**Q** 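Here it is, the structure, as structure tokens.
Order of appearance sets the numbers: ligands from 1, and atoms from 1 within every ligand. Being a predicted model, the structure only gives us computed values, none of them experimental.
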Amino acid sequence: MISGFWVVVPAAGVGRRMGADRPKQYLPLLGRPLLSLTLRNILGWPGLAGVVVALSDRDSDFSYLSESKDPRVHRVTGGAERADSVLAALDFLAAREAPETPVLVHDAARPCVALEDIEKLLRAEPVALLAQPASDTVKLSRKDESGPSVDRTLDRGSIWLAQTPQRAPLGLLHACLRRALAQGAEVTDEASALEFCGHSPRLVPGRSDNIKVTHPPDIVLAETILRLRYAPTEDNR
Ligand SMILES: Nc1ccn([C@@H]2O[C@H](COP(=O)(O)OP(=O)(O)OP(=O)(O)O)[C@@H](O)[C@H]2O)c(=O)n1
Ligand SMILES: C[C@](O)(CO)[C@H](O)COP(=O)(O)O
């Protein structure tokens, strides 16, 4: 399993779909801000060299998180889109670390990722991502005046739902992301920038409880996952 990897955490979003009174990364989960839980999770990963968190230029809350005081944690100003925030963090790293340095990009909005999945990703090929094979039937929609309806059913055997972390060597990811954005590609995850440059990232099956907190019901779901994950078991009461 590799060591000396860096983690980039895009955390500069506004949480529009959450519709809360603050950016969702600062909403409380089990009494702590979502971002704090995600960073605590990351800071426990074996072999971690450091973390670069991309924050909004209006973020005045990060410095109050205890995790922001960890010497391994660095901050940069994010951008208009998630990919811009990731690029800002990669710009920071490229000035300090070697191009072959392994980088994992992990959404601040995914606090529940399990260490077993991180270890699987760290043992995988250098260009890889956690993803969940589709377990529901997958429909492609068409739009008409009454709203979405089914266009056709897709073969779910080849459908995977991308998660994070997504992994690549620093120099490769930095170059591919810059090129994809410069050429106007739609980049919603790191793998799509790597694909744009001709790579085929390895899909590493991830747990279904590595949810991205996006809509209001996801808060309670994430709390439930974390409670079950960290509940004292009979043998460690
Ligand atoms: N300009 C942006 C937009 C998003 N993100 C981060 O990317 C992750 C995944 O994005 P998403 O779940 O879409 O978060 P938001 O963009 O905040 O949500 P929404 O699209 O509902 O506004 C989040 O941790 C978010 O903070 C970011 O760093 N910079
Ligand atoms: C990166 C990601 O989490 C993979 O599924 C997803 O693309 C993020 O999308 P968002 O709209 O920025 O939340």
Side-chain angles (χ1 to χ4, degrees), residues 7-27 29 33-42 51-62 65 67-68 73-93 103-113 117-118 121 127-135 138 159-168 173 176-177 180-181 185-196 201-219 221-222:
V7 178
V8 164
V9 180
V14 297
R16 177 180 41 78
R17 289 169 287 182
M18 183 61 73
D21 61 352
R22 73 198 80 165
K24 67 182 178 185
Q25 54 271 34
Y26 291 105
L27 287 176
L29 256 68
L34 167 57
L35 178 54
S36 173
L37 291 176
T38 302
L39 287 175
R40 283 174 74 183
N41 187 340
I42 293 168
V51 187
V52 184
V53 187
L55 299 166
S56 163
D57 57 4
R58 296 186 300 280
D59 188 311
S60 57
D61 298 313
F62 182 71
L65 303 186
E67 293 74 20
S68 72
V73 176
H74 307 265
R75 62 182 291 176
V76 297
T77 299
E81 301 296 330
R82 180 185 177 282
D84 302 309
S85 296
V86 172
L87 183 57
L90 295 176
D91 288 342
F92 171 90
L93 278 178
V103 172
L104 277 62
V105 181
H106 186 57
D107 293 331
R110 292 184 189 266
C112 302
V113 66
D117 280 356
I118 300 304
L121 187 64
V127 181
L129 68 146
L130 289 181
Q132 188 194 346
S135 55
V138 181
I159 300 283
W160 292 67
L161 305 179
Q163 301 176 340
T164 69
Q166 304 197 6
R167 174 189 163 186
L173 182 55
C176 289
L177 188 53
L181 291 175
E186 173 81 13
V187 177
T188 57
D189 69 347
E190 288 61 61
S192 43
L194 293 157
E195 295 155 41
F196 181 82
R202 179 66 56 203
L203 290 159
V204 177
R207 293 169 49 134
S208 59
D209 60 5
N210 178 18
I211 67 165
K212 182 165 66 73
V213 175
T214 305
H215 302 99
D218 298 333
I219 293 281
L221 180 55

**Q** Quick check: do L35 and L55 have side-chain heavy atoms less than 4.5 Å from each other?
**A**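 The answer is yes, as the side chains (C-beta and beyond) meet within the 4.5 Å cut-off.
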**Q** Which one of K24, H215, R82 has a non-hydrogen atom at the shortest distance from atom 11 (P) of ligand 1?
**A**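 The option holding the nearest heavy atom is K24.
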**Q** For atom 8 (C) of ligand 1, what's the nearest protein heavy-atom neighbour? Residue, atom name and distance, please.
**A**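 Looking only at protein heavy atoms, the one closest to atom 8 (C) of ligand 1 is D107 OD1, 3.7 Å.
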**Q** When rounded to the nearest 0.5 angstrom, what distance separates CZ in F92 from OG1 in T77?
**A**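 Reported value, rounded in 0.5 Å steps: 11.5 Å.
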**Q** What residue and heavy atom of the protein are closest to atom 28 (O) of ligand 1, and at what distance?
**A**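 For atom 28 (O) of ligand 1, the nearest protein heavy atom is A12 N, 2.9 Å.
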**Q** Do me a favour and list the nearest non-hydrogen protein atom to atom 17 (O) of ligand 1 with residue, atom name and distance?
**A**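 Heavy-atom neighbour on the protein nearest atom 17 (O) of ligand 1: G15 N, 2.8 Å.
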**Q** Could you tell me whether A108 and ligand 1 have an N or O pair separated by under 3.5 Å?
**A**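 Yes; at least one N/O pair falls below 3.5 Å.
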**Q** Identify the two heavy atoms, one from T214 and one from D218, that lie closest to each other, and give their separation to 0.1 Å.
**A**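 That closest heavy-atom pairing would be N-OD2, 2.8 Å.
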**Q** Which residue and non-hydrogen atom of the protein lie closest to atom 12 (O) of ligand 2, and at what distance in Å?
**A**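 Closest protein heavy atom to atom 12 (O) of ligand 2: R82 CD, 3.6 Å.
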**Q** Is there a donor-acceptor pair closer than 3.5 Å between any side-chain N or O of T164 and the backbone N or O of D107?
**A**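 Confirmed, T164 side chain pairs with D107 backbone.
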**Q** If you have a sec, work out which protein heavy atom is nearest atom 20 (O) of ligand 1 and how many Å separate them, to one decimal?
**A**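 Nearest protein contact, heavy atoms only, for atom 20 (O) of ligand 1 is R17 NH2, 2.9 Å.
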**Q** Measuring from atom CD of Q132 to atom CG of N210, what distance do you get when rounded to the nearest 0.5 angstrom?
**A**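 If I round to the nearest 0.5 Å, the distance is 9.0 Å.
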**Q** Looking at R110, which atoms of ligand 2 are within less than 4.0 Å of one of its heavy atoms?
**A**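 In order of number, 2 (C), 3 (O), 4 (C), 5 (O).
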**Q** Quick one: does any side-chain atom of R167 pair with a main-chain N or O of L121 as donor and acceptor, under 3.5 Å?
**A**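 Yes.
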**Q** Considering non-hydrogen atoms of the protein only, which is the closest contact for atom 6 (C) of ligand 2, and what is the distance?
**A**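 Its nearest protein heavy-atom neighbour is T188 O, 3.8 Å.
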**Q** Who's the nearest protein heavy-atom neighbour of atom 22 (O) of ligand 1, and how far?
**A**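 Here the nearest protein heavy atom works out to R16 N, 2.7 Å.
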**Q** Please check whether Q166 reaches ligand 2 - meaning an N/O of the residue sits under 3.5 Å from an N/O of the ligand, judged on distance alone.
**A**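 Looking only at distances, the answer is no, because the N/O contact criterion of under 3.5 Å is not met.
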**Q** What is the closest protein heavy atom to atom 4 (C) of ligand 1, and at what distance does it sit?
**A**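 For atom 4 (C) of ligand 1, the nearest protein heavy atom is G13 CA, 3.6 Å.
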**Q** Say whether, by atom type as modelled, one donor and one acceptor occur between the side chain of Q25 and the main chain of G13 under 3.5 angstrom.
**A**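 Yes, the answer is positive, given that a donor and an acceptor are paired below the 3.5 Å cut-off.
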**Q** Within the side chain of Q163, is there an N or O that forms a donor-acceptor pair under 3.5 Å with the backbone of L130?
**A**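 Answer holds: no.
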**Q** For atom 3 (O) of ligand 2, what is the closest protein heavy atom, and at what distance to 0.1 Å?
**A**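 Answer for atom 3 (O) of ligand 2: D107 OD2, 2.6 Å.
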**Q** May I ask you to list the atoms of ligand 2 that are less than 4.0 angstrom from any heavy atom of T164?
**A**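 Taking each heavy atom of T164 in turn, ligand 2 has 1 (C), 3 (O) under 4.0 Å.
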**Q** Which protein non-hydrogen atom lies closest to atom 29 (N) of ligand 1, naming both residue and atom, and how far is it?
**A**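 I find the closest protein heavy atom is S85 OG, 2.8 Å.
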**Q** Whether the S36 and E67 side chains hold a donor-acceptor pair (N or O, under 3.5 Å, no angle test) is what I'd like checked.
**A**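 Side-chain D/A pair, S36 to E67: present.
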**Q** Would you mind running through ligand 2 and noting each atom that sits below 4.0 Å from a heavy atom of D189?
**A**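 Per the distance check, 1 (C).
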**Q** Based purely on interatomic distance, does K212 place a nitrogen or oxygen under 3.5 Å from a nitrogen or oxygen of ligand 2?
**A**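 Yes.
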**Q** Give the single entry among A83, P10, A162 that approaches atom 5 (O) of ligand 2 most closely by any heavy atom.
**A**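 Selected option, by shortest heavy-atom distance: A162.
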**Q** Check T214 against ligand 2 and report side chain, backbone, both or neither, counting heavy atoms closer than 4.0 Å.
**A**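 None of T214 does.
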**Q** Of all the heavy-atom pairs spanning A83 and L177, show the shortest one and how long it is.
**A**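 Looking at all heavy atoms of both residues, the shortest contact is O-CD2, 3.7 Å.
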**Q** Contact between ligand 2 and H106 is defined here as a heavy atom of the residue under 4.0 Å from a ligand atom; is it met?
**A**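 It does not, in that no heavy atom of H106 comes within the 4.0 Å cut-off of ligand 2.
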**Q** Side-chain contact test, heavy atoms from C-beta onward, threshold under 4.5 Å: evaluate it for P165 versus V7 and give yes or no.
**A**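 Heavy-atom side-chain distance check fails, nothing below 4.5 Å.
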**Q** Please identify which atoms of ligand 1 are closer than 4.0 Å to at least one heavy atom of A80.
**A**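 Here the atoms of ligand 1 in question are 1 (N).
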**Q** Please report which non-hydrogen protein atom sits nearest to atom 10 (P) of ligand 2, along with the residue it belongs to and the distance in Å to one decimal place.
**A**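 Scanning the protein heavy atoms, the shortest distance from atom 10 (P) of ligand 2 goes to R17 NH2, 3.7 Å.
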**Q** Distance alone, cut at 3.5 Å: any donor-acceptor contact between the side chains of T38 and N41?
**A**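 No, N41 and T38 have no side-chain donor paired with an acceptor closer than 3.5 Å.
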**Q** Under a heavy-atom criterion of less than 4.0 Å, does E190 contact ligand 2?
**A**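 E190: no contact with ligand 2 (<4.0 Å).
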**Q** Would you check whether A54 has a nitrogen or oxygen atom less than 3.5 angstrom from a nitrogen or oxygen atom of ligand 1?
**A**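 Between A54 and ligand 1 (N or O atoms, distance only) the closest approach is not under 3.5 Å.
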**Q** For atom 23 (C) of ligand 1, what is the closest protein heavy atom, and at what distance to 0.1 Å?
**A**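 Checking every protein heavy atom, the shortest distance to atom 23 (C) of ligand 1 gives P10 O, 3.7 Å.
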**Q** Tell me the closest heavy-atom pair linking G78 and A54, and the distance in Å.
**A**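 Scanning both residues completely, I find the closest heavy atoms to be CA-CB, 4.1 Å.
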**Q** Hey, which of D209, I211, I118 is the one that makes side chain to side chain contact (heavy atoms under 4.5 Å, CB included) with V113?
**A**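 Looking at D209, I211, I118, the match for V113 under the side chain to side chain contact (heavy atoms under 4.5 Å, CB included) is I118.
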